[in-house]
Amino acid sequence: MSAALIEKYFPELTPQQKLQYEQLQPLYLEWNEKINVISRKDTDSLYEKHILHSLGIAKVLQFAPGTRVLDVGTGGGFPGIPLAILFPESHFTLIDSIGKKISVVNAVAEAIGLQNVTAIHGRAEKLQGKFHFVVSRAVTQMPEFLRWLRGKFEKEHFNAKQNGVLYLKGGDLAEELAGLRCEIYSLKSFFEEDFFETKKVVYLSKDNFKS
């Protein structure tokens, strides 16, 4: 599977963006030989299971220029790097507690010429600064995740949705999201591949968080 899969769902890509997406596979395959960034069984489906999955967030919200986004538990750069390619006028801070993975993020961002990414080795709950949105791929149960994010949101908002969280999750979310005001978007509404049958984006506005 190739970068053509990304163009299938995002036909407005510039030549530079197409090139950046194409460069991701050889870079991640090279790094995966040294550090287990993605599951070995997923290397042939990088574009579907990691890159396009990350871009499911972009089907729910197009980040406006100037948006500051925090990617918590980014691992090797998902969903942050695919989103940073798509939204070059927004800024993405990618944080992970594993230093080796942040080394991969820095190397990949530099190799493809991303100017809008800051990678940080650390824990989200200790991070200083405020953001318009937080994105993540199922790093922990939602109640625990929300505790990490107190005080992390900007008051000003200028996107189509109120500042908050866009969280990639799969499976049955009823129990985990009980009592939260949220919107759930099924990725099978946007992507036809079988992988997305149970995959969702959960949106929670910052009103769910204690500041």
Side-chain angles (χ1 to χ4, degrees), residues 6 17 20-21 23-25 27-32 34-40 42-43 45-61 63 67-88 90-142 144-150 152-154 163-170 187 199-204:
I6 309 304
Q17 287 170 319
Q20 287 172 320
Y21 284 124
Q23 290 173 311
L24 291 182
Q25 186 163 39
L27 284 165
Y28 277 111
L29 291 180
E30 180 184 342
W31 275 103
N32 225 43
K34 308 169 194 171
I35 300 168
N36 192 19
V37 183
I38 59 173
S39 169
R40 305 280 175 179
D42 284 352
T43 52
S45 49
L46 175 75
Y47 283 100
E48 179 181 11
K49 294 184 178 179
H50 295 277
I51 299 172
L52 188 60
H53 187 210
S54 296
L55 294 175
I57 287 170
K59 290 296 187 182
V60 174
L61 180 67
F63 294 121
T67 302
R68 290 189 301 283
V69 182
L70 173 64
D71 176 5
V72 173
T74 189
F78 302 103
I81 282 181
L83 290 169
I85 294 172
L86 194 64
F87 300 108
S90 296
H91 188 272
F92 293 80
T93 298
L94 281 54
I95 190 167
D96 201 278
S97 60
I98 300 174
K100 287 181 187 176
K101 294 189 174 179
I102 289 300
S103 297
V104 174
V105 171
N106 277 319
V108 170
E110 184 177 353
I112 67 174
L114 278 182
Q115 303 293 316
N116 60 334
V117 167
T118 300
I120 296 174
H121 174 210
R123 303 191 68 82
E125 60 268 40
K126 302 279 179 63
L127 182 67
Q128 299 298 307
K130 292 183 183 289
F131 303 87
H132 300 102
F133 286 91
V134 175
V135 298
S136 190
R137 285 211 306 178
V139 290
T140 189
Q141 292 287 300
M142 189 64 80
E144 175 70 9
F145 188 67
L146 301 192
R147 283 193 285 275
W148 296 351
L149 304 181
R150 288 175 184 163
K152 294 283 191 294
F153 293 96
E154 286 282 9
N163 299 348
V165 170
L166 292 158
Y167 201 70
L168 290 158
K169 264 290 204 181
L187 289 183
K199 299 292 188 281
K200 302 174 180 74
V201 175
V202 180
Y203 163 70
L204 301 97

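Model, not experiment: these values are computed from the prediction. Numbers here simply count residues along the sequence, with the first being 1.
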Over all heavy atoms of both residues, which pair between [X] and [Y] is shortest? Give the atoms and the distance, please.
X      : Y      : answer
Ser54  : Pro79  : OG-CA, 3.2 Å
Ala107 : Trp31  : CB-CZ2, 3.4 Å
Leu166 : Val201 : CD2-CG1, 4.1 Å
Ile6   : Leu55  : CG2-CD1, 3.7 Å
Gly76  : Val37  : CA-CG1, 3.4 Å
Phe63  : Phe87  : N-CE2, 3.4 Å

Subject >> Partners passing side-chain hydrogen bond (donor to acceptor under 3.5 Å, both in side chains) against Arg137 (at least two apart in sequence or in another chain) >> reply: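 For Arg137 the side-chain hydrogen bond (donor to acceptor under 3.5 Å, both in side chains) partners, ignoring immediate neighbours, are His50, His53.
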
Any heavy-atom pair between the side chains of [Y] and [X] that's under 4.5 Å?
X      : Y      : result
Thr74  : Ile81  : no
Ile102 : Ile98  : no
Leu204 : Val202 : yes
Leu70  : Val135 : no
Phe131 : Val69  : no
Asp71  : Phe78  : no

Is [X] reaching over with its side chain to a backbone N or O of [Y], donor-acceptor style, under 3.5 angstrom?
X      : Y      : result
Tyr21  : Tyr47  : no
His121 : Ser97  : yes
His91  : Arg68  : no
Gln17  : Leu86  : yes
Lys152 : Ala124 : yes
Asn116 : Ser90  : yes

How long is the gap from [atom1] on [X] to [atom2] on [Y], to the nearest 0.5 Å?
X      : Y      : atom1 : atom2 : answer
Lys101 : Leu94  : NZ    : CG    : 13.0 Å
Asn163 : Lys130 : CG    : NZ    : 11.0 Å
Glu154 : His132 : CD    : NE2   : 4.5 Å
Leu52  : Leu46  : CG    : CG    : 11.0 Å
Asn106 : Thr118 : CG    : OG1   : 9.0 Å
Thr93  : Ile120 : OG1   : CD1   : 5.5 Å

Within a 6.0 Å radius of atom [atom1] on [X], are there more than 12 heavy atoms belonging to other residues, nucleotides or ligands?
X      : atom1 : answer
Glu125 : CD    : yes
Lys34  : NZ    : yes
Glu144 : CD    : yes

**OP:** Test Tyr28 against Val108 for side-chain contact (heavy atoms from CB on, under 4.5 Å), laying out the working first.
**Re:** CA-CA 8 Å; Tyr28 277 111; Val108 170; 4.1 Å; yes

Original post:
Angle class for the Phe133/Tyr203 ring planes (parallel below 30°, perpendicular above 60°, tilted otherwise)?
Top reply: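 Judged by the thresholds at 30° and 60°, the geometry between Phe133 and Tyr203 is tilted.
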
Original post:
Should Val72 and Leu149 be marked as a side-chain contact (heavy atoms from CB on, under 4.5 Å) after you check the CA-CA gap, both sets of side-chain angles, and the distance that decides it?
Top reply: CA-CA 10 Å; Val72 173; Leu149 304 181; 4.2 Å; yes

**OP:** Report the C-alpha separation of Ile38 and Lys49 in whole Å, then their side-chain angles, then the decisive distance to 0.1 Å, and conclude whether the side-chain contact (heavy atoms from CB on, under 4.5 Å) test is met.
**Re:** CA-CA 10 Å; Ile38 59 173; Lys49 294 184 178 179; over 6 Å; no

Original post:
Hey, mind stepping through Phe145 and Val165 against side-chain contact (heavy atoms from CB on, under 4.5 Å) and telling me if it holds?
Top reply: CA-CA 10 Å; Phe145 188 67; Val165 170; 3.9 Å; yes

